[in-house]
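Since the structure comes first, as structure tokens, the remarks are kept for the end.
These numbers were taken from a predicted model, which means no experiment stands behind them. All values below were derived from every heavy atom in this structure, side-chain atoms included, with hydrogens, water molecules and symmetry-related copies excluded.
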Amino acid sequence: MKVKEIIGQITNDIMTNDPMTKEGLSRVDGRLKVTGQAKYSAEYKVKDLVYGVLVGSTIAKGTIKSIDTKKAEAAPGVLSVLTCFNAPKIPGYQTDTPSPKGPLKIFYNDQVYFNGQPIALVVADTFERALFAASRVSAVYESGPHQTNLKDNISTAVAPGRGKDFVKGVEDTWNTAPVKIQQEYTIPTEVHNPMELHATIARWDADDKITVYTKTQGVKSTQRSIAQAFKLPPENVQVTAPFVGGAFGAALRTWPHEIAAVLAAKVTGKPVKLVLSRADMFTSVGYRPYTWQKVSIGANPDGKLFGITHEATGQSSVYEDFTEGVVNISQLMYASPNINTRYKIVSLNVNTPTPMRGPGEATGAFALESAMDELSYQLNIDPIDFRMRNYAETDPGNDKPYSSKYLSDAYKIGAEKIGWSNRNQKPGAVTENGWLAGYGMAAGMFGAHRSSATVLARMMADGTLVLQTAVTDIGPGTGTAMVSIASEVMGIPAEKIKFDMGDSSLPPSPTQGGSQITSTVGSAVHDACVELKEKFKSMAGNTDASNYTQILKQQNLDKLEVTTSSKGGAEQGKYAMYSWSVHFMKVLVHPTTGVVKINKAISVADAGLIISPKTARSQMIGGTIMGIGMALTEEAIIDHRYGRLVNNNFADYHVPVQADIPQVEAYFVNKPDTILNPIGAKGMGEIATIGVAAAVANAVYNATGKRVRDLPITPDKLV
Amino acid sequence: MEDEKDYALPGFDTEAKDNSRRNFLKQSTLLTAVALTPGTAIKAADMRLDEKIAEAFEKMPIKLEVNGVAHSLSVEPRATLLDILREQLDLTGTKKGCDHGQCGACTVHIDGHRVNSCLTLGVMASGKKITTIEGLAKGDELHPMQEAFLKHDGFQCGYCTPGQIMSAVACIREGHANSEMEIREYMSGNICRCGAYPNIVNAIQEVKEGAQAV
């Protein structure tokens with residue numbers, strides 16, 4: 001079948017069942033989750049298991065002169081204390097051409113690059129004993145002068161190797177426009193903090209074979225990394241992660257502690273379980289980096305943009321150059337004849353950042369969408385109206401047509417749901433029961449991707465359809481969406497479909513990240529089911545081709561299966577493909593204390609056709625809540641004297657809790673993208689968060705007349 | 001470390017070069033209690049049998065009734081109920097999220113009340129009745145709160161879910177589920193990073209209004 005025909009078919013198939021009127025499937029793994037039966041990486045029963053606890057450095061830069069492990073080794077139940085001085089060499093770490101920068105190699109040498117860097121791993125027969133023994137490890141350092149403050153070091157910022165300055169039209173020409181604004185914005189370091197602690201159980205099954213249960217967003221990439229580190233054939237590394245307790249980007253890479261667990265299992269000859277502490281989670285698995293931005297926008301009095309200049313400098317570690325698309329959103333969001341962006345990074349004595357939900361774009365959108373709001377007040381034009389006057393009908397960066405863009409529909413839906421008509425254009429003009437009330441909105445966007453995946457679809461004699469692919473589900477409901485697609489194509493109830501995932505021995509799927517899984521794996525599930533159906537059709541003879549069990553019986557088969565690979569084609573170069581979102585907030589601000597209460601939150605997505613309405617709605621709401629945390633409470637604070645985090649726990653680092661969150665509502669435009677893939681769906685994970693922080697800041701301004709440009713918007717900034 | 005003495009435990013001579021417990025055993029009058037002559041005891045210490053003997057002294061017997069099943073255990077006094085449930089009884093439905101009582105993922109019921117099991121030592125729970133998420137359903141029949149969480153999609157990754165459900169059941173039993181605002185206040189000890197909060201409130205309200213026994 002040609003691509004166009006497939007698109008037509010599936011679009012028709014799915015459109016007959018409007019996801020906005022049907023509720024959608026409840027999570028296919030829901031029962032396991034509500035009964036406590038779902039097994040996360042630290043929860044596998046493994047014989048002879050021993051426990052590892054990491055010891056972190058107490059300086060931010062320097063050399064380890066010695067580590068006293070004797071007291072730890074003498075503590076009861078201790079099997080081993082690994083440090084850079086005694087750890088066996090990890091084969092994959094040894095290179096002939098050492099590169100000055102690269103991923104942190106655990107126990108590789110005596111260098112300390114950041115405070116909290118793992119310098120020892122204590123292994124004991126119980127967790128309690130390992131934890132106690134770890135407290136008895138001490139190190140002597142020769143510390144050097146560390147730098148952890150981006151603002152103090154901004155003069156050392158450099159343009160990273162990848163990501164060149166972008167110029168469309170004339171550079172820095174915003175300044176010549178009659179109406180203009182130039183402002184600086186900062187976001188602090190924000191930490192993913194999934195509820196499940198990162199954990200690894202590593203067990204060597206033979207000298208060259210290992211099984212690893214670990215928290216990862218991609219079992220295949222973890223398999224490759226561990227195989228590389230220990231010089232094993234990838235197929236000898238079994239990585240299992242059918243359930244992942246949230247990640248948001250924090251499990252996109254294979255981290256040093258995972259390598260350490262594998263190493264410790266080798267050294268002790270026993271399976272090792274290593275669970276990070278919550279404090280470790282702040283220094284071991286990445287974060288959204290502290291970033292400074294300057295946005296300059298010029299417009300004509302009619303509200304037409306003339307020029308945008310967006311500059312950003314983010315923090316990275318001294319051992320790796322981490323970059324993200326902070327300024328990209330300004331290249332892509334609005335029609336403007338002149339756009340230019342610059343992006344730099346500063347190397348600091350901190351651990352390397354990692355993409356966090358809406359990486360870069362969430363940071364950039366805070367600055368761009370705050371600046372757009374500021375300018376709308378200067379122009380005295382309604383913020384939605386202002387955006388519509390600069391609505392891009394083709395990609396502003398390269399003039400390519402969009403595969404689909406229904407952002408204007410999203411504006412309309414959101415404005416109606418929040419009650420935008422109640423908004424007063426004059427800031428600080430409305431009070432409700434003694435609280436200042438205000439409305440704000442901001443938009444978001446993120447690339448709609450499709451990479452390649454392979455799915456095995458097997459129809460069993462009893463009519464059960466088994467789908468298999470390596471993809472993980474960190475929470476959005478991947479299994480549920482995949483079962484929805486298969487149910488639709490095969491015409492069988494969801495209860496008859498089993499989706500096996502999170503296992504490196506299954507057919508390859510990409511790492512779950514970048515909002516591409518429904519599009520990529522969903523298309524592969526679709527294509528596999530279409531192929532399986534065709535196979536049944538060719539065997540059916542006079543039998544109804546959809547009576548699968550009957551056909552299998554006639555053919556004397558106990559199963560029929562196909563393994564189908566699926567990926568995007570030439571359309572990917574021809575079109576600009578994005579998902580879009582808009583967030584609306586109504587806030588109440590207490591005039592005396594500066595407390596900000598979100599009164600109502602509405603998020604609307606143009607994420608193509610919605611495959612799994614129930615889980616999609618939850619994903620969108622959850623992303624909005626993460627954005628509210630970014631806006632109001634979250635900030636990892638370093639005491640720069642020591643280069644050490646001071647609030648590395650849930651009591652002092654405030655993620656939103658129930659009391660912070662009102663009824664958040666999510667809505668979808670729900671129109672298929674007929675170009676991107678055969679199922680019409682675009683990604684949603686990132687756009688759920690991108691733009692939220694600006695929407696909150698804009699609402700706070702509308703309520704109070706105070707513009708907060710440095711997140712989070714804590715009460716002290718409003719009184 | 002400078003403050004060596006702060007770390008010293010009774011019988012744990014931090015100055016000892018090798019296994020400090022040997023000194024403890026060599027000096028201990030408790031040895032008579034295990035009917036060993038000093039000579040054999042020293043020999044035993046050298047053979048690291050002292051570890052095993054010391055282990056017996058260090059552990060305490062406790063009795064836990066978990067989900068209606070009686071367990072007699074020997075645990076170190078510092079072992080938390082959370083770690084005992086997960087590591088010794090293989091009841092991994094109770095989750096570890098922070099070990100500091102800050103996230104609620106480890107919430108269980110002790111004698112009917114919700115408690116953070118990470119802040120509860122096993123020895124404190126001895127003789128008490130504990131209910132974990134594994135004990136909430138009646139066989140295949142889910143508890144109304146579990147059903148409501150499924151219906152309202154009160155979770156995503158599922159990791160905080162057992163704690164949320166145990167807390168939600170207690171929230172109603174305590175009489176703290178009389179309004180949306182009250183539910184939010186009394187469920188604020190259970191963090192959900194996926195952001196299922198509104199759905200969780202809806203689930204609790206439905207169970208509360210359904211007036212089913214919780």
Contact origin within [X] toward chain A - heavy atom pairs under 4.5 Å:
X: B:Asp99; answer: side chain
X: B:Ala137; answer: neither
X: B:Thr161; answer: side chain
X: B:Leu136; answer: neither

With a 4.5 angstrom heavy-atom cut-off, which part of [X] approaches chain B: side chain, backbone, both or neither?
X: A:Tyr653; result: side chain
X: A:Phe243; result: neither
X: A:Ile474; result: backbone
X: A:Arg31; result: both
X: A:Thr624; result: neither
X: A:Val244; result: backbone
X: A:Ser277; result: neither
X: A:Gln37; result: side chain

Counting heavy-atom pairs under 4.5 Å to chain B, which of [options] comes out on top?
options: A:Gln658, A:Glu665, A:Arg617, A:His192; value: A:Gln658
options: A:Glu128, A:Lys45, A:Arg278; value: A:Glu128
options: A:Pro662, A:Gly477, A:Ala42; value: A:Pro662
options: A:Ala139, A:Ala38, A:Ala279, A:Gly622; value: A:Gly622
options: A:Pro656, A:Ala199, A:Ser618; value: A:Ser618
options: A:Ala651, A:Ala247, A:Gly623, A:Pro194; value: A:Ala651

Taking all non-hydrogen atoms of both residues, which atom of [X] and which atom of [Y] are closest, and how far apart?
X: B:Leu119; Y: B:Met124; value: O-CE, 4.4 Å
X: A:Pro476; Y: B:Gln156; value: CA-OE1, 4.2 Å
X: A:Ser603; Y: A:Met620; value: CB-CE, 3.9 Å
X: B:Cys103; Y: A:Phe650; value: CB-CD1, 3.7 Å

Under a 4.5 Å cutoff for heavy-atom pairs, which residue among [options] has the most contacts with chain A?
options: B:Leu142, B:Ile165, B:Val201, B:Asn190; value: B:Leu142
options: B:Lys95, B:Gln88, B:Met187; value: B:Lys95
options: B:Gly195, B:Ala105, B:Gly101, B:Gly104; value: B:Gly195
options: B:Leu150, B:Asn202, B:Ile200; value: B:Leu150
options: B:Gly93, B:Cys157, B:Gly154, B:Cys192; value: B:Cys157
options: B:Lys151, B:His152, B:Met145; value: B:Lys151

Can you tell if the side chain of [X] reaches within under 4.5 Å of the side chain of [Y], non-hydrogen atoms only?
X: B:Phe149; Y: A:Arg27; result: no
X: A:Thr478; Y: A:Thr518; result: no
X: B:His100; Y: B:Cys118; result: no
X: B:His109; Y: B:Val169; result: yes

Considering residues at least two apart in sequence or located in another chain, which fulfil the side chain to side chain contact (heavy atoms under 4.5 Å, CB included) criterion with B:Lys129?
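Counting only residues at least two positions away or on another chain, B:Lys129 forms a side chain to side chain contact (heavy atoms under 4.5 Å, CB included) with B:Glu65, B:Asp111.
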Any residue meeting ring-ring contact (aromatic ring centres under 6.0 Å, His included) with A:Tyr287, in chain and number order, not counting sequence neighbours
none
Under the ring-ring contact (aromatic ring centres under 6.0 Å, His included) test, residues paired with A:Phe127 that sit two or more places apart
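ring-ring contact (aromatic ring centres under 6.0 Å, His included) check on A:Phe127 returns nothing, list empty.
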Pairing of B:Lys96 and A:Glu196 as salt bridge, 4.0 angstrom limit:
no
Hey, are A:Asp660 and A:Lys597 close enough for a salt bridge, meaning a charged N less than 4.0 Å from a carboxylate O?
no
Establish, from distance only, whether the side-chain atoms of [X] and [Y] form a donor-acceptor pair under 3.5 Å.
X: B:Tyr186; Y: B:Glu174; result: no
X: A:Thr615; Y: A:Ser612; result: yes
X: B:Glu87; Y: A:Tyr51; result: yes

Neighbours of chain A found in residues 175-185 of chain B - heavy atoms under 4.5 Å:
B:Glu180, B:Arg184, B:Glu185
Test log, rule salt bridge (charged side-chain N to carboxylate O under 4.0 Å, His left out), inputs A:Glu634 and B:Arg193
CA-CA 12 Å; A:Glu634 295 185 39; B:Arg193 189 56 159 161; 2.7 Å; yes
Looking at B:His113, I want to see if its NE2 is surrounded by more than 12 non-hydrogen atoms of other residues, nucleotides or ligands under 6.0 Å.
no
